[in-house]
Amino acid sequence: MNLQQHHARPAPHSLTAVLLALVLLCLSLTANAAETRYQVDLSERAMQQVTIEARFSDVTGDTLDFHLPIWRSGLYLVMDFVGTVSGMQVSDGNGNALPVEQTATSSWRVSRPNARSGDVVVRYRVYADSLTDRTRHVDAEHAFLNPAAVFVYADALRDQPLEVAIDLPTGWKAAAGMEQPEQGRFVAPHYDRLVDSPIEIGTFDLVTFEASGITVDFLIHGIWDHDEERLSHDIGAIVTATVEVFATSDTGLPTDYYLFMLHSGDGLGGGTEYYNSTVVHTDPRAFWDKERWQGFLGLMAHEFFHTWNVKRFRPAAIDRYDYQNINYTELLWVAEGLTSYYDQLLPVRAGLVPVDDYRDQLAEVISSVVDAPGYNQDTLARASLEAWTKGFHRGADRAADKANRTVSFYSQGGLLGLVLDLEIRRVSDGNRSLDTVMTALYDDFPLGGGGFTYADFRERLAAAGGNALAEQLDGWVYDTQPLPVEEALQTIGWVLDREDTSKAPVQVSLDASLRGNPPVVSTPRLDGAAWRAGINAGDELLALDGVRIGGNLDALLRRYTPGDEVEFTLFRDGLLKTLPVILNPVRGDFEVDVDDDAGEAIQRLRAGWLGDLETSEEIAKADQSSQLR
């Protein structure tokens, strides 16, 4: 009513305000009109073809540059999706062909003879048969589209709103993290959100539930046990345990909706995080096997934790993605490594994995990190920076040497997370933790605000755990200082030791990873028995001291003791060779046990760390209770 009165009798200053508001409204409408609209045609899905039409609206200027990303988020690898694009045609809004030239691997420039404002329409075909890398897969049963792999974008319109309209086959539906005003039509505020919102289309199953203020949709394409109750209970518990990590945050929840998108099929595994969704893969056996199910829950925890770590705060170097170039950062040990730490811990806190099983999982991680030959060769910072050229690179020319010269910023970063968490808890008597540090990053470095640096992380670590811990961090990240894992575990009453191998049937080791029958060497371990003897990757081992190996290498090695010199006969490059090898003693893996004599204060610290779920019996009772519901 007041607005109408002002319109009827405007004062001079009010008239100015109204005119200014109208100008701003017009500018806003003009900006909103500059949209990109995608049309998805699945009529050739049975042939694994999808046709995309991208319409760039209200384009001005003589030229328009557009691109297809060369990589997707969550995988530090140049993939060049353009390799499956064909039949590209470019026209104006009236269907008249426009000249276009390819200016780089995944870039094009459209010439506009008439530079007046108008639409540019790009139409092309994508061959979609790449599910395992979670990029694009279309067939008669479903369609999965990772936007980075299929949707082109224009530089000038990257930050403008967009729409994706899908011609849904009869009986099919669509799902994504984006807003969906009607079935098959999605809207996003800009291209970055589109790229962060993979799309599943088909006749999938959908389980919906609420957890800690978040509406969760769990989408399944493929084989599963259809136990909706267990699925919603266990995933809901993971969601709740993760939310509790950031319970003291001033920012609140990162989203009120989350979509788990699962593809279940033989040989599938892994996952990728997105803005308010994740694409996860599993072998169907996970639904019927306890150990596999625990691994599945860990994967769910990893990807959901990324909703905060990476998708709401991330390193400054990758705060705004560059889709046409490698995005280097030294902080993947924070983005991926600390997330890996939580992906094993959170299912325990959620009451889904017994503490005894967690100790076994932790022992495996410790063995994989501390016993890796690259442990004293590489740093976490360098491994992060070289993820694109070494860690994720698929080149056969470097595969055999990776384990010897590099470290995993996932597992070693996760082990660093354990050390940091337990030390913060020790010095603060359980009042602060790594949760405190992660919450500070979440509150202080919102997405799009520039991201955080190593100095920023270090400062918040010092605030939580003291300057001494921050100084030690330098050596663990930028040098090869060994992690004090044993000392860290002692603070919560756990003991790190080696497995007793004195009664093991095989007492010697070739120190090489092998595959096949007869065995072929994948990687000779740095300074190991095979390495010193000159055995190379790719050598086919035929005989040991004149006896055919076949699939019986372990059985043959039983007759030897450490220090024995033997002869291996092998094929290399089609030639038969014999090499002398001095066998090393076999080394037991790490194991983590409970110190029964730990004091009450130590036990209290451990209970707080684990979420007050301490014994396998307590977990078993929780499991039994959930099965009865």
No-hydrogen, no-angle side-chain donor-acceptor test under 3.5 Å, Asn146 and Thr135
no

Not counting sequence neighbours, which residues clear salt bridge (charged side-chain N to carboxylate O under 4.0 Å, His left out) with Arg55? List them please.
Asp119

Within a 6.0 Å radius of atom CD on Glu291, are there more than 12 heavy atoms belonging to other residues, nucleotides or ligands?
no

Check whether the side chains of Glu336 and His306 place a donor and an acceptor atom closer than 3.5 Å, and report yes or no.
yes

Ring centers of Phe218, Trp224 separated by less than 6.0 Å
no

Go through the structure and list residues passing ring-ring contact (aromatic ring centres under 6.0 Å, His included) with Phe209, not counting sequence neighbours.
none

Could you label the plane-to-plane angle of the Tyr258 and Phe304 rings as parallel, tilted or perpendicular, counting under 30° as parallel and over 60° as perpendicular?
perpendicular

Can you tell me if CD on Gln183 sees more than 12 non-hydrogen neighbours from other groups inside 6.0 Å?
yes

Please determine, by modelled atom types, if Thr439 and Ser249 share a side-chain donor-acceptor pair under 3.5 angstrom.
no

Atom pair CZ/CG of Phe260 and Asp217 - distance to nearest 0.5 Å:
10.5 Å

Distance alone, cut at 3.5 Å: any donor-acceptor contact between the side chains of Ser106 and His67?
no

Just to verify, what does Phe144 make a ring-ring contact (aromatic ring centres under 6.0 Å, His included) with, not counting sequence neighbours?
His263

Compute whether any side-chain donor of one residue and acceptor of the other, for Thr272 and Arg72, lie under 3.5 angstrom apart.
yes

Which residues share a ring-ring contact (aromatic ring centres under 6.0 Å, His included) with Tyr342, sequence neighbours left out:
Phe305

Sequence neighbours excluded, which residues qualify as ring-ring contact (aromatic ring centres under 6.0 Å, His included) partners of Tyr38?
Phe151

Give me the ring orientation class for Tyr76 and Phe409: parallel if the planes are under 30° apart, tilted from 30 to 60°, perpendicular past 60°.
perpendicular

Row check, Tyr275 ring normal vs Arg193 NZ/CZ: under 6.0 Å, within 45°
yes

Donor-acceptor pair, Trp71 side chain versus Asp322 backbone, under 3.5 Å?
yes

Taken in chain and number order and not counting sequence neighbours, the residues that satisfy salt bridge (charged side-chain N to carboxylate O under 4.0 Å, His left out) with Glu53 are Arg123

Got a donor-acceptor contact below 3.5 angstrom from the Arg312 side chain to the Pro254 backbone?
yes

With no hydrogens and no angle check, is any side-chain donor or acceptor of Gln180 less than 3.5 Å from a backbone partner on Gly184?
yes

Polar contact flag, side-chain donor to acceptor under 3.5 angstrom, Tyr323-Asp192:
yes

So does Asp167 pair up with Arg45, basic N to acidic O under 4.0 Å?
no

